[in-house]
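Worksheet: the structure to be examined is printed underneath.
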Number of protein chains: 2
Amino acid sequence: MLNRLKALGDLHRQNILKLLAAQEMGACEIIQAIGLSQPAIAHHLKILKQAGLINSEKEGKIVFYNLNKDGLKELLKEMDGFLEGLSCFSCSLAKPSPLRQNPNLCAEMGFDPEV
Amino acid sequence: MLNRLKALGDLHRQNILKLLAAQEMGACEIIQAIGLSQPAIAHHLKILKQAGLINSEKEGKIVFYNLNKDGLKELLKEMDGFLEGLSCFSCSLAKPSPLRQNPNLCAEMGFDPEV
DNA sequence: AATTTATATATCTAATTATTTAAATATGTA
DNA sequence: TACATATTTAAATAATTAGATATATAAATT
């Protein structure tokens with residue numbers, strides 16, 4: 001999930017995904033639309049591809065890119081799972097910290113911010 | 001959404017969220033559990049707080065942290081909205097690129113990889 | 001008041017990540 | 001075969017981000 005989150009966590013890459021949602025595009029079209037250099041786009045496309053968020057298909061000298069809908073759906077599922085997996089995520093209140101009862105607990109356990 | 005994604009896109013921060021899901025914790029407890037320096041933890045907590053993924057509450061000299069469940073749910077909603085918002089995300093096939101018909105389109109539009 | 005404890009900020013260094021320029025590969029065309 | 005086009009890879013630089021050390025603030029304790 002980490003790779004997918006990181007792949008999504010960039011504005012250029014989000015914009016690329018939006019472009020590809022409307023239609024598949026050759027790399028040169030993406031370059032023109034985004035306005036970054038060709039190698040920069042290639043880099044972002046590589047990250048999106050490795051994250052499984054887009055697919056590519058070579059036809060002749062042109063490489064066409066399109067959304068990997070399964071990958072996107074899976075990311076959403078993973079996110080949902082992660083958030084649900086935060087036990088108690090849907091239940092009432094998380095337990096209070098033992099520090100509430102004993103405010104000196106950290107010091108007693110040897111926690112020393114000076115060192 | 002970008003800030004929240006970036007906040008989630010770090011393993012230490014994911015682990016902090018997992019800790020806080022089980023119970024609220026004072027900062028010193030988090031430091032002991034994660035094993036990074038105190039300022040490093042303070043940094044990550046700040047990022048999570050700014051992203052709206054955790055809350056903090058000061059009691060005496062101790063700052064207690066806990067999950068911001070609303071923020072987490074909202075992130076999931078935003079993600080879902082973004083993915084749905086990729087038009088055609090749920091429909092059959094994205095349009096083919098015009099390059100399919102005219103492979104020289106990029107060159108004609110003035111795209112020159114040399115410059 | 002002085003000291004200890006818990007946390008935050010400031011500053012600097014190191015590590016990642018993004019971007020560019022330049023060169024390489026691969027495909028199609030004259 | 002030579003050349004132009006589309007894309008990738010490599011190498012270098014710039015920008016962001018993570019982390020550590022040192023310092024500052026704030027609250028409790030003595």
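Below, chain A is the first sequence line, B the second, and so on; all start at residue 1.
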Quick one: is A/His44 getting a side-chain N or O under 4.0 Å of the C/dT17 phosphate, OP1 or OP2?
no
At less than 4.0 Å, is any side-chain N or O atom of A/Ser37 found next to OP1 or OP2 of C/dT19? Yes or no.
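Checking A/Ser37 against C/dT19: no side-chain N or O falls below 4.0 Å of OP1 or OP2.
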Check if the side chain of B/Gln38 and the base of C/dA6 share a donor-acceptor pair of N or O atoms closer than 3.5 Å.
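Check fails, no donor-acceptor contact within cut-off.
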Judged by atom type as modelled, is there a donor-acceptor pair below 3.5 Å linking the side chain of [X] to the main-chain atoms of [Y]?
{"X": "B/Asn55", "Y": "B/Asn66", "value": "no"}
{"X": "A/Arg4", "Y": "A/Ala51", "value": "yes"}
{"X": "B/Glu84", "Y": "B/Gly81", "value": "no"}
{"X": "A/Arg13", "Y": "A/Ile47", "value": "no"}
{"X": "B/Glu59", "Y": "B/Phe64", "value": "no"}

Nearest to the side chain of B/Asp10, which nucleotide is it out of C/dA18, D/dA18, C/dT21?
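Nearest to the side chain of B/Asp10 among the choices is D/dA18.
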Return the nearest nucleotide to the side chain of A/Pro39; candidates are D/dA22, D/dT17, C/dT21.
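Given the options D/dA22, D/dT17, C/dT21, the side chain of A/Pro39 is closest to C/dT21.
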What is the separation between atom [atom1] on [X] and atom [atom2] on [N], rounded to the nearest whole Å?
{"X": "B/Gln14", "N": "D/dA18", "atom1": "CD", "atom2": "P", "answer": "13 Å"}
{"X": "A/Leu11", "N": "C/dA18", "atom1": "CG", "atom2": "P", "answer": "12 Å"}
{"X": "B/Asn104", "N": "D/dA6", "atom1": "CG", "atom2": "C1'", "answer": "11 Å"}
{"X": "A/His43", "N": "D/dA12", "atom1": "NE2", "atom2": "C1'", "answer": "15 Å"}
{"X": "B/Ile16", "N": "D/dA18", "atom1": "CD1", "atom2": "P", "answer": "11 Å"}
{"X": "A/Gln32", "N": "D/dA6", "atom1": "CD", "atom2": "P", "answer": "9 Å"}
{"X": "B/Leu5", "N": "D/dT17", "atom1": "CG", "atom2": "P", "answer": "14 Å"}
{"X": "B/Leu36", "N": "D/dT17", "atom1": "CG", "atom2": "C1'", "answer": "14 Å"}

Using a heavy-atom cut-off of 4.0 Å across all strands, would you classify B/Ala40 as base, sugar-phosphate, or nothing?
sugar-phosphate
NA contact type, A/Ile47, heavy-atom cut-off 4.0 Å: base, sugar-phosphate, or nothing?
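If one applies the 4.0 Å heavy-atom cut-off, A/Ile47 turns out to touch the sugar-phosphate alone, with no base involved.
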Strictly below 4.0 Å, heavy-atom distances to any atom of DNA chain D: list the hits from residues 48-65 of chain B, or just say none.
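B/Lys58, B/Gly60, B/Lys61 - these, ordered by number, are the residues of the stretch whose heavy atoms sit under 4.0 Å from the strand.
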Heavy-atom nearest nucleotide on DNA chain C for A/Ile41 versus B/Lys46: which residue maps closer to 5'?
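The answer here is B/Lys46.
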Over 12 foreign heavy atoms within 6.0 Å of CG, A/Asn3
no
Does B/Glu57 CD have over 12 foreign heavy atoms under 6.0 Å away?
yes
